[in-house]
Protein chains: 2
Amino acid sequence: MLKNRVKELRARYGLTQSDLGKQVDVTRQTIAFIEKGEFSPSITLALKLAKSLQTNVNELFWLEEDGNEK
Amino acid sequence: MLKNRVKELRARYGLTQSDLGKQVDVTRQTIAFIEKGEFSPSITLALKLAKSLQTNVNELFWLEEDGNEK
DNA sequence: ACATTATGTTATATAAACCGAACATTTAAT
DNA sequence: ATTAAATGTTCGGTTTATATAACATAATGT
């Protein structure tokens, strides 16, 4: 299962979902979906997000094995 | 532009595209497309690839700004 | 020479990411 | 209390990731 710290880091930098979306060229809905964990963004977007949030992809996104991984 | 070291690391570990595909649950064609840089995999797949290739996502995939970034 | 295995490549199909717009709810400011 | 900004959420659409299958070629082994 994919987890992430986008919401936490976005808050830390005082960015709105719209702000962050503009920085990485996606809509605020896309940011919202990612924060909710509703889908797995492309690595390109993940890299852009990490850059905007001044971290790296490994710290932003990770896989957690809880119970069911195929 | 998205770059990666999948082909290089796969060779280093003596894995075929099929082998790697099986390890991360995609087809060999998907691995081939990624190696050719023809698309940007999901972060979930990128994380699995990094794990299989004993590295981290940052070292496996990166963005290179050559001329045109939108 | 023949068989097998790995890779390159292309075509069609499906699933998932992402957009744009809309409307509702929450939060913050005045 | 009212307004505005931020977020939640949903819907119908387009684009892209990924699957499956097929065929071709190169490399390897016998």
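In what follows, chains carry the letters A, B, and so on, assigned in the order in which the sequence lines appear, proteins first and then strands, with residues in each chain numbered from 1. These values consider heavy atoms only, across backbone and side chains, with no hydrogens, waters or symmetry-generated copies.
With sequence neighbours left out, Arg12(B) forms a salt bridge (charged side-chain N to carboxylate O under 4.0 Å, His left out) with Glu8(B). Applying the salt bridge (charged side-chain N to carboxylate O under 4.0 Å, His left out) test to Lys22(A) and every residue at least two apart in sequence or in another chain returns nothing. Legend: residues meeting ring pair (Phe, Tyr, Trp, His ring centres under 6.0 Å) with Phe33(A), ordered by chain and number and at least two apart, are Phe39(A). Judged as a salt bridge (charged side-chain N to carboxylate O under 4.0 Å, His left out), and not counting sequence neighbours, the contacts of Lys36(B) are Glu38(B). By the salt bridge (charged side-chain N to carboxylate O under 4.0 Å, His left out) test, Glu59(B) pairs with no residue at all, sequence neighbours left out. Residues satisfying the side-chain hydrogen bond (donor to acceptor under 3.5 Å, both in side chains) test with Ser42(A), not counting sequence neighbours, are none. Not counting sequence neighbours, Ser18(A) has no partner by the side-chain hydrogen bond (donor to acceptor under 3.5 Å, both in side chains) test.
The pair Glu35(A)-Lys3(A) fails the salt-bridge criterion, with no side-chain N (NZ, NE, NH1 or NH2) lying under 4.0 Å from an Asp/Glu carboxylate O.
Axis deviation across the helix from dA1(C)-dT30(D) to dT30(C)-dA1(D) amounts to 50°, comparing end segments of five pairs, rounded to 10 degrees.
Scanning DNA chain D 5' to 3' for nucleotides with an atom closer than 4.0 angstrom to a non-hydrogen atom of chain A gives a first and last hit of dA6(D) to dT10(D).
Within residues 7-22 of chain A, no residue places a heavy atom under 4.0 Å from DNA chain C. Using a 4.0 Å cutoff on non-hydrogen atoms, the parts of residues 26-35 of chain B near DNA chain D are Val26(B), Thr27(B), Arg28(B), Gln29(B), Thr30(B), ordered by number.
Residue Lys36(B) places at least one side-chain N or O under 4.0 Å from the OP1 or OP2 atom of dT9(C).
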Distances for protein N or O near nucleotides 14-17 of chain C N or O, under 3.5 Å:
residue : atom : partner  : partner atom : Å
dA17(C) : OP1  : Ser40(A) : N            : 2.8

